[in-house]
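Read the structure below first, then the notes.
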Amino acid sequence: FPTRRSSDLIGHDSSLWKSIDGGVSYIELHNFHQRVKKFEICRSNPLVMYLATSNRLYRTADGGNTWTILVLPAGCSIVYLSLTASYTDENNLWITSKNNGSNKKIFETTDGGSTWINLTTPLINNYNYLTICHQAGTDGGVYITSADYAKVFYRNNSMTDWADFSTNLPQEYKPLTTKPFYMKNKLRAAGNRGLWQVDFYEDGNPVAQPTVDKLESSCIRDTFYFD
């Protein structure tokens, strides 16, 4: 959990569960009655989360107590949906799916899912994408990795098109996950041909993310520990 190191969220079957004691115990936040696939906690405002089930995309603005169903853009599939949220704006989200149709590969919202912007260009249209990953500290920089052909592309808000970022990946590489490793300024990808890393496409500005061991205490002499 971004701001509280003893808190944790997990999806299990059709429910989202939360722990505030380091995983010793969990409480059910919400039952979606559909299998929970993926979720994103917004670092700029951890009360805002996006969650994909097998049938729908949801958004919460109150930490998971209530959820709103978001309407996906035309041509975007909920199956194999991958999502990544901005580090500085909880209303900014990017999504993709390897089942998306032609000319409907990548979408972005800047208003929490009310409207969507199609970021597909001819350069990336011939591939299907399995993962999408935002790089903090950039101007909307995101990486997309294809489900086949070992292709990675990058784009930020100042670029007019995507840049091919696939050099040295093994042939037929299929990623299972792609994550930033900020301590070493690397992008890391794990897939069917092992774990690979590369320097970020561009340097990003540091984004501070302080965490605390607890949010409240019944003792006035208690100590709060920050990282």
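Along the sequence shown, the residues carry numbers beginning at 1.
Here Asn45 contributes atom CG and Thr88 contributes atom OG1; the two are 12.0 Å apart, rounded to the nearest 0.5 Å.
Hydrophobic cluster membership differs between Leu29 and Val48, with clusters built from Ile, Leu, Val, Met, Phe, Trp and Tyr side chains linked at under 4.5 angstrom. Linking ILVMFWY residues whenever their side-chain heavy atoms come closer than 4.5 Å, directly or via other members, places Phe32 and Ile69 in the same cluster. Under a hydrophobic-cluster definition in which Ile, Leu, Val, Met, Phe, Trp and Tyr are linked whenever side-chain heavy atoms come within less than 4.5 Å, directly or via other members, Met159 and Trp94 are assigned to different clusters.
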Using the rule given for ring pair (Phe, Tyr, Trp, His ring centres under 6.0 Å), can you reason through Phe165 versus Tyr154, listing the C-alpha separation, both sets of side-chain angles and the distance that settles it, and then say yes or no? CA-CA 7 Å; Phe165 198 49; Tyr154 179 82; 7.0 Å; no

Please determine whether side-chain hydrogen bond (donor to acceptor under 3.5 Å, both in side chains) holds for the pair Asp8 and Tyr26, giving the CA-CA distance in whole Å, both sets of side-chain angles, and the decisive distance to 0.1 Å. CA-CA 9 Å; Asp8 185 30; Tyr26 283 85; 2.9 Å; yes

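Cation-pi geometry between Arg193 and Tyr173 is not met: the NZ or CZ atom fails to fall both under 6.0 Å from the ring centre and inside 45° of the normal.
Between the side chain of Ser146 and the main chain of Lys151, a donor-acceptor pair closer than 3.5 Å is present. The main-chain N or O of Asn92 is never found under 3.5 Å from a side-chain atom of Ser86 such that the two would form a donor-acceptor pair.
Taking the six-membered ring for Trp and the full ring otherwise, Tyr143 and Tyr201 have centroids separated by 6.0 Å or more.
Ion pair Lys186/Asp199 flagged as a salt bridge, since at least one NZ, NE, NH1 or NH2 atom sits closer than 4.0 Å to an Asp/Glu carboxylate oxygen.
Side-chain contact annotation: Asp161 with Thr121, donor-acceptor N/O pair under 3.5 Å present.
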